[in-house]
Amino acid sequence: MNLPPPVTKKAYNDHQIQIKTIAADNAETLMKDAAKRLVDKVAMESPDDIEDDGTTVVANVSVTIDGTWQKRGHSSRIGVTFVISVDTDEVLDYCVKFLFCHECKSHGNMNAESEEYQSWKECHEPPYRFIRRNGSCFSH
């Protein structure tokens with residue numbers, strides 16, 4: 001058979017990163033558009049539910065929050081939560097959650113009183129929101 005050689009691990013990972021970046025950017029754009037449509041709808045139907053302070057527009061709307069974990073049961077360490085508009089049935093926001101942070105784990109053996117640890121802890125901003133479990137990091 002005249003097949004090309006398999007893709008290298010580095011090339012595959014590079015493609016995965018590109019796909020993730022494009023998908024996240026696309027999702028962000030779609031959610032912003034959905035929020036704008038929702039605000040426009042609320043402004044037309046019940047303008048009293050809109051608060052505008054000149055820089056931020058806040059709409060008093062009903063949402064539902066739904067989420068799922070990667071695996072069933074209590075063994076999953078990765079999950080996602082969605083905020084969905086009741087009026088338009090569109091996703092307005094999402095949040096990826098982990099039960100762990102690799103960076104916290106790698107710094108777990110350091111002396112918590114050391115200057116190096118304190119300096120790291122001050123600057124540590126988890127890339128996602130984390131669920132507190134056994135003292136692991138948490139971002140809100």
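Side chains are part of it too, since the values below use all heavy atoms of this structure and drop only hydrogens, waters and symmetry mates.
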Q: Using every non-hydrogen atom in the two residues, find where Y12 and V7 come nearest and quote the distance to one decimal.
A: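 Y12 and V7 have their closest heavy atoms at N-CG1, 3.7 Å.
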Q: Quick one, T88 with K41, criterion side chain to side chain contact (heavy atoms under 4.5 Å, CB included). Give me CA distance, side-chain angles, the key distance, then yes/no.
A: CA-CA 9 Å; T88 61; K41 180 179 179 179; 4.1 Å; yes
Q: Decide if atom CG of N109 counts as having more than 12 heavy atoms of other residues, nucleotides or ligands within a radius under 6.0 Å.
A: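 No - once you tally the heavy atoms of other residues, nucleotides and ligands closer than 6.0 Å, there are 12 at most.
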Q: Roughly how far, to the nearest 0.5 Å, is the CD atom of Q16 from the CG atom of N13?
A: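 Spacing of CG (N13) from CD (Q16) equals 7.0 Å.
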Q: Supply the members, apart from I50, of the Ile/Leu/Val/Met/Phe/Trp/Tyr cluster built from side-chain contacts under 4.5 Å; use none for a lone residue.
A: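 Noted: I50 shares its cluster with L38, V39, V42, V57, V61, V63, I65, V83, L92.
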Q: Roughly how far, to the nearest 0.5 Å, is the CG atom of D25 from the NZ atom of K20?
A: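 So the NZ of K20 and the CG of D25 are separated by 9.0 Å.
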Q: Are L30 and I84 grouped together when hydrophobic residues (ILVMFWY) are joined by side-chain heavy atoms under 4.5 angstrom apart?
A: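 No; tracing contacts between hydrophobic side chains, which count when under 4.5 Å, never links both residues.
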Q: Hey, could you give me the NZ/CD distance between K121 and Q118, rounded to the nearest 0.5 Å?
A: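 Rounded to the nearest 0.5 Å, the NZ-CD separation comes to 8.0 Å.
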Q: Apply the test side chain to side chain contact (heavy atoms under 4.5 Å, CB included) to residues N60 and V58: give CA-CA distance (whole Å), side-chain angles for both, the deciding distance (0.1 Å), then the verdict.
A: CA-CA 7 Å; N60 185 12; V58 177; over 6 Å; no
Q: Ignoring hydrogens and angles, state whether a donor on the side chain of E113 or Y117 is under 3.5 Å from an acceptor on the partner side chain.
A: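 There is no such pair between these side chains.
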Q: Please tell me whether M110 and W120 are part of a single hydrophobic cluster in this structure, the criterion being side-chain heavy atoms less than 4.5 Å apart.
A: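 In one cluster: yes.
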